[in-house]
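Values below: all heavy atoms of this structure, side chains included; hydrogens, waters and symmetry mates excluded.
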Amino acid sequence: MGIFNKFSFIFLVLFLALSANAEVQRHRFVIQATKVKRLCKTHNTITVNGMFPGPTLEIKNGDTLEVQVVNKARYNVTIHWHGVRQMRTGWADGPEFVTQCPIRPGGSYTYRFTVQGQEGTLWWHAHSSWLRATVYGALIIRPREGKSYPFPKPKRETPILLGEWWDTNPIDVVREATRTGAAPNASDAYTINAQPGDLYKCSSKETTIAPIDSGETNLLRVINAALNQPLFFKVANHKLTVVGADASYTKPFTTSVLMLGPGQTTDVLIRGDQPPSRYYMAARAYQSVQNAPFDNTTTTAILEYKSASCAAKKCNAPTPIMPSLPAYNDTNTVTAFSQSFRSREKAEVPTDIDESLFFTIGLGLNNCPPNFRKRRCQGPNGTRFTASMNNVSFVLPRNFSLLQAHQQGIPGVFTTDFPANPPLKFDYTGNLSRSLFQPVPGTKLYKLKYGSRVQIVLQDTSIVTPENHPIHLHGYDFYIIAQGFGNFDSKKDTSKFNLVDPPMRNTVGVPVNGWAVIRFVADNPGVWIMHCHLDVHINWGLAMAFLVENGVGELQTIQPPPPDLPMC
């Protein structure tokens with residue numbers, strides 16, 4: 001056997017061994033209006049299969065998912081598989097008008113993709129208007145057959161989905177804000193597994209209960225599925241050991257509090273090492289913006305020891321113990337928490353950088369257009385809110401998806417001149433001139449060669465107001481090699497770079513009045529949006545997209561579009 005044939009044979013054996021236990025899992029998601037009662041009031045809520053939250057999908061590393069989405073609702077819809085790498089399957093990524101046109105009412109589309117090399121907790125959600133307020137669920141990826149977690153096997157696992165609830169139709173909330181140019185109304189409640197909990201009216205009968213037994217170690221898979229709010233999470237009297245985030249394992253560390261920006265997931269071990277009783281798990285806002293209205297309520301679930309449950313106590317269960325949560329604006333706690341993350345193994349961080357990019361992120365205010373009435377300009381001082389990256393406010397196309405326009409060479413849909421640096425250098429986190437408040441609208445992409453090694457400095461600005469922005473990149477995981485406050489200084493701040501064991505994430509919280517530096521290799525061809533995961537900011541244009549070119553040969557080329565891809 002020649003050396004080439006020998007290698008081919010070994011590769012084939014390895015491939016067959018890996019794929020031997022891989023399965024194809026098929027599901028059907030029916031998007032439909034369902035009667036849901038919360039806070040004493042019944043709403044016609046958009047759900048998947050009548051479930052709220054939607055179904056939890058459980059797969060193994062290496063499995064393929066085929067999910068047929070049937071739209072029986074009155075709105076356009078798409079589903080995004082948040083954090084799934086989608087290697088060469090960009091058509092299944094889901095963001096509306098980016099990788100596909102929406103599934104119209106009455107239509108359907110089957111998402112097909114393989115999850116490879118990822119383990120832990122991800123999630124799925126609608127990526128069209130504000131439907132993800134109620135259209136979301138957990139995506140759990142277990143190790144391959146015969147493999148185990150790199151931590152002691154938990155006795156049980158509980159998904160904890162943090163959500164945000166409006167006591168009205170969330171689509172009406174965003175439409176009203178788009179009409180008036182003002183900020184949308186804050187939510188009325190936060191939820192844990194779609195239940196607000198004991199501190200809200202008409203809610204305590206349905207409060208989520210997470211069981212535990214003395215001496216057990218359990219795994220909580222915490223997901224921030226809230227629309228617009230980073231959240232603190234705490235369990236009374238219990239420590240949490242973080243073992244993973246965004247489906248990447250971390251070096252374990254112990255903490256009493258978590259903070260997750262929308263889109264982020266955190267896997268934690270919790271031990272039943274307290275006197276058997278009932279303990280509140282609670283979540284409330286981390287609010288980094290000063291003087292802006294926000295939902296300051298607290299959602300709760302109950303960690304219940306078996307011997308303290310209703311069944312054991314003949315329903316004279318003790319009142320749960322409440323944790324003390326950080327102050328709403330406690331940025332120090334957030335910083336200490338986010339700086340505790342490290343990759344479990346030595347990381348393969350790209351060092352020779354081909355593309356060194358610097359993106360400012362922030363809000364803006366557009367002057368009222370002359371043909372608009374006053375009631376359409378209800379932002380500060382008669383303006384309309386907007387947002388941008390590098391002074392470009394992202395505008396989605398309406399007649400084609402970006403990926404379709406790229407694949408078919410359709411002219412006039414987008415340009416590839418997104419700036420690599422801010423068009424104007426200024427004191428990003430200082431006092432700013434009003435001339436910086438009005439960004440330029442555009443559908444601009446940034447082109448990356450296949451395999452290029454990319455570094456991005458994400459710089460918050462104090463335009464209108466500084467804020468912690470959870471920035472999510474589709475189609476990729478990235479290393480967060482540094483974070484800091486003030487203006488990023490390439491001379492001084494490079495000394496803070498962690499190139500040994502930085503955490504790998506798909507969503508990074510850019511600190512309020514600060515910056516984060518991320519690195520990745522552009523090894524997945526397609527069109528990939530990078531955006532703030534506060535949905536209010538996506539609507540205003542806080543996004544951009546990368547066009548990653550095909551490489552050489554089939555394995556470096558995006559697959560052709562599926563035959564049932566929705567048309568615009």
Quiz prompt | salt_bridge(Glu164, Arg132) N-O dist < 4.0 Å | solution = no
Quiz item: Partners of Arg74 by side-chain contact (heavy atoms from CB on, under 4.5 Å), sequence neighbours excluded?
Solution: Asn169
Exercise. Identify, with sequence neighbours excluded, every residue that meets ring pair (Phe, Tyr, Trp, His ring centres under 6.0 Å) alongside Tyr200.
Key: none
Practice problem: Give a yes or no on whether a salt bridge exists between Glu216 and Arg271, defined as a side-chain N under 4.0 angstrom from a carboxylate O. | Solution: no
Exercise. Name all pairs fulfilling the ring pair (Phe, Tyr, Trp, His ring centres under 6.0 Å) condition that reach into residues 216-236, sequence neighbours left out, sorted by first residue then second.
Key: Phe232-Tyr286
Practice problem: Would you sort out whether Phe113 and Tyr111 count as a ring pair (Phe, Tyr, Trp, His ring centres under 6.0 Å), showing the intermediate values? | Solution: CA-CA 7 Å; Phe113 55 90; Tyr111 293 89; 7.6 Å; no
Exercise. Quick one: which residue pairs count as a ring pair (Phe, Tyr, Trp, His ring centres under 6.0 Å) with a foot in residues 153-173, not counting sequence neighbours?
Key: His43-Trp165, Phe52-Trp165, Trp130-Trp166
Quiz item: Within 45° of the axis and under 6.0 Å from the centre of the six-membered ring of Tyr328, does NZ or CZ of Arg284 qualify?
Solution: yes
Quiz item: Is there a donor-acceptor contact under 3.5 Å from the side chain of Glu176 to the main chain of Asn185?
Solution: no
Exercise. Examine the side chains of Gln195 and Asn193 and answer whether a donor and an acceptor come within less than 3.5 Å of each other.
Key: no
Quiz item: Which of these, Met389, His474, His472, sits in a side chain to side chain contact (heavy atoms under 4.5 Å, CB included) with Met530?
Solution: Met389
Practice problem: Could you pull out the closest heavy-atom pair between Asp93 and His80, with the gap in Å? | Solution: O-ND1, 2.8 Å
Exercise. List for me each residue that meets salt bridge (Lys or Arg N to Asp or Glu O under 4.0 Å) alongside Lys251, sequence neighbours excluded, and say none if there are none.
Key: Asp501
Quiz item: Can you name the residues that form a salt bridge (Lys or Arg N to Asp or Glu O under 4.0 Å) with Asp246, not counting sequence neighbours?
Solution: Arg505
